[in-house]
Amino acid sequence: MSAALEVEDLLFAYGPRRVLDRVSLAIQKGEMIGVLGPNGSGKTTLLKILSGVLAARGAVRLAGRPIEAYSRNELSRIIAVVPQESEIHFPFTAAEIVLMARASHHERLALEGAADLDAARRSMAATDTESLADRWVHELSGGEKQRVMIARALAQEAEILLMDEPAAFLDLKHQLGVFDLMRRLNRERKLTVVAALHDLNLAALFFPRLVLLENGRIHRDGAPEEVLTEDTIRQVYGVEVRVERPEPQRRPHIFIRP
Ligand code: ADP
């Protein structure tokens with residue numbers, strides 16, 4: 001069976017600046033993958049290539065077919081994206097933004113049906129954004145807006161969710177809420193999740209597979225205990241840390257050395 005999403009020998013440059021260098025990655029349906037790496041290592045670029053927003057040299061295949069062969073509408077039924085920063089310049093309420101995600105599910109210009117409203121409502125309940133439904137999105141705090149953008153992606157009911165630092169603006173409770181929700185959807189609906197992450201400890205707790213980028217190359221790809229070692233963190237981040245594996249999960253936990 002072909003991978004849900006696969007890239008092979010990716011090469012990507014912004015002008016003369018090489019950003020991804022021979023990156024190959026096969027993502028199976030139902031995987032939950034955290035993409036790690038220092039600032040500028042290529043995480044956002046990789047996610048944009050995986051979602052078909054940027055074209056790169058090398059192959060990108062979605063369910064075995066080249067991603068270029070899909071129409072925009074087809075793609076948005078399969079892949080939902082939570083970008084790093086979503087600029088919304090027009091006055092839309094949170095509920096309107098979430099409902100827009102349903103556009104690919106009905107005829108162009110047709111009104112939303114009960115299934116669309118229901119999907120929007122459920123995804124807002126799951127992200128604790130119901131109380132924000134009638135607020136203008138451009139007036140929300142960074143974290144509130146981020147939760148609305150996650151609700152919007154979930155309302156798409158896609159099979160693959162790509163998220164660029166989804167927890168960046170969130171307080172601790174909502175960080176855990178979002179990762180818990182991802183894990184639940186992953187287990188219950190086999191949602192495939194690929195997220196660029198900064199918090200190595202949260203990544204280790206919630207993501208069974210981690211891909212560590214360094215300067216546009218995959219430095220390590222594997223289980224958290226294989227990827228997050230004192231050596232890899234020294235090599236890739238240039239920081240001395242202590243890594244322990246506390247009970248009960250025994251996932252690596254990183255302590256900064258003062
Ligand atoms: P990360 O998400 O890991 O921080 P990015 O994929 O955003 O990394 O960036 C990788 C490199 O590409 C960085 O050096 C960044 O400065 C550069 N870069 C990103 N976007 C652009 C762009 N639009 N034009 C030129 N360079 C870019």
Side-chain angles (χ1 to χ4, degrees), residues 3-7 10 12 19-50 82 84 146 150 160-187 190-258:
L5 190 54
E6 185 174 23
V7 297
L10 279 190
F12 185 84
V19 174
L20 293 178
D21 192 6
R22 280 169 288 157
V23 169
S24 296
L25 190 63
I27 300 161
Q28 307 300 333
K29 181 174 168 57
E31 275 202 286
M32 197 160 160
I33 300 180
V35 180
L36 309 174
N39 297 134
S41 56
K43 302 180 295 297
T44 297
T45 305
L46 176 61
L47 287 179
K48 284 183 176 167
I49 293 168
L50 288 174
V82 180
Q84 197 168 74
Q146 184 69 349
I150 293 169
I160 301 174
L161 181 60
L162 304 179
M163 303 197 288
D164 199 347
E165 293 183 33
F169 297 103
L170 303 184
D171 59 45
L172 190 57
K173 175 182 157 192
H174 287 113
Q175 279 187 10
L176 294 175
V178 163
F179 287 133
D180 251 341
L181 177 62
M182 295 307 122
R183 184 158 61 186
R184 210 170 63 231
L185 294 173
N186 173 261
R187 286 176 183 166
K190 279 217 149 232
L191 178 71
T192 306
V193 181
V194 182
L197 303 167
H198 262 303
D199 189 315
L200 304 181
N201 288 330
L202 278 179
L205 272 183
F206 284 92
F207 289 76
R209 179 176 167 195
L210 301 176
V211 173
L212 178 58
L213 290 181
E214 181 194 23
N215 277 329
R217 292 190 182 179
I218 295 182
H219 183 90
R220 204 55 84 81
D221 174 357
E225 55 275 20
E226 297 168 308
V227 174
L228 295 177
T229 66
E230 292 173 2
D231 282 343
T232 57
I233 293 169
R234 184 187 313 107
Q235 287 159 12
V236 173
Y237 290 89
V239 177
E240 292 291 334
V241 297
R242 187 162 50 83
V243 177
E244 290 188 7
R245 298 187 48 198
E247 302 288 350
Q249 295 103 327
R250 310 239 334 115
R251 297 289 182 93
H253 190 94
I254 290 146
F255 295 88
I256 311 289
R257 285 189 184 155

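Note that the coordinates shown come from a computational prediction; the quantities given were computed from them, not determined experimentally.
Side-chain atoms of Val35 and Phe207, non-hydrogen and from C-beta on, never get closer than 4.5 Å to each other. When side chains are defined from C-beta on, Leu212 does not count as touching Asp221, because their heavy atoms never get closer than 4.5 Å. No side-chain heavy atom of Leu46 sits under 4.5 Å from any side-chain heavy atom of Val194. Under the 4.5 Å side-chain criterion, counting only non-hydrogen atoms from C-beta, Ile27 is in contact with Leu50.
Remark: Phe12 engages Tyr14 in a ring pair (Phe, Tyr, Trp, His ring centres under 6.0 Å) (not counting sequence neighbours). For Pro208, the side-chain contact (heavy atoms from CB on, under 4.5 Å) test picks out Met32, with sequence neighbours left out. For the ring pair (Phe, Tyr, Trp, His ring centres under 6.0 Å) test, residues two or more places apart in sequence or in another chain that qualify with His253 are Phe255.
For Asn186 (side chain) and Gly30 (main-chain N/O), a donor-acceptor pair under 3.5 Å exists by modelled atom type. In this structure, Ser41 contributes its side chain and Asn215 its backbone to no donor-acceptor pair below 3.5 Å. Of the possible polar contacts, one joining the Lys43 side chain to the Gly37 backbone as a donor-acceptor pair under 3.5 Å is found. Judged by distance alone, with hydrogens and angles left aside, the side-chain atoms of Arg251 form a donor-acceptor pair with the main-chain N or O of Leu205 at under 3.5 Å. Looking at Lys29, its side chain never comes within 3.5 Å of a backbone N or O of Leu5 through a donor-acceptor pair. Between the Glu226 side chain and the Ala223 main chain, a donor and an acceptor come within less than 3.5 Å of each other. For the pair Arg220 (side chain) and Val227 (backbone), a donor-acceptor distance under 3.5 Å is absent. Under a 3.5 Å cut-off, the side chain of Gln146 and the backbone N or O of Pro166 do form a donor-acceptor pair.
Between Glu230 and Arg242 there is no salt bridge, since no side-chain N of the basic residue sits under 4.0 Å from a carboxylate O of the acidic one. Classification of Arg209 and Glu31 as a salt-bridged pair holds, one side-chain N sitting under 4.0 Å from a carboxylate O.
A side-chain contact (heavy atoms from CB on, under 4.5 Å) with Thr45 is found for exactly one of Leu213, Val19, Val23, namely Val19.
Annotation: Asp21, atom CG; neighbour count of heavy atoms from other residues, nucleotides and ligands within 6.0 Å is above 12.
With rounding to the nearest 0.5 Å, the separation of CG in Asp199 from CD in Glu165 is 11.0 Å.
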Start with the C-alpha distance between Met182 and Leu161, add both sets of side-chain angles, then the distance that settles side chain to side chain contact (heavy atoms under 4.5 Å, CB included), and finish with yes or no. CA-CA 9 Å; Met182 295 307 122; Leu161 181 60; 3.4 Å; yes

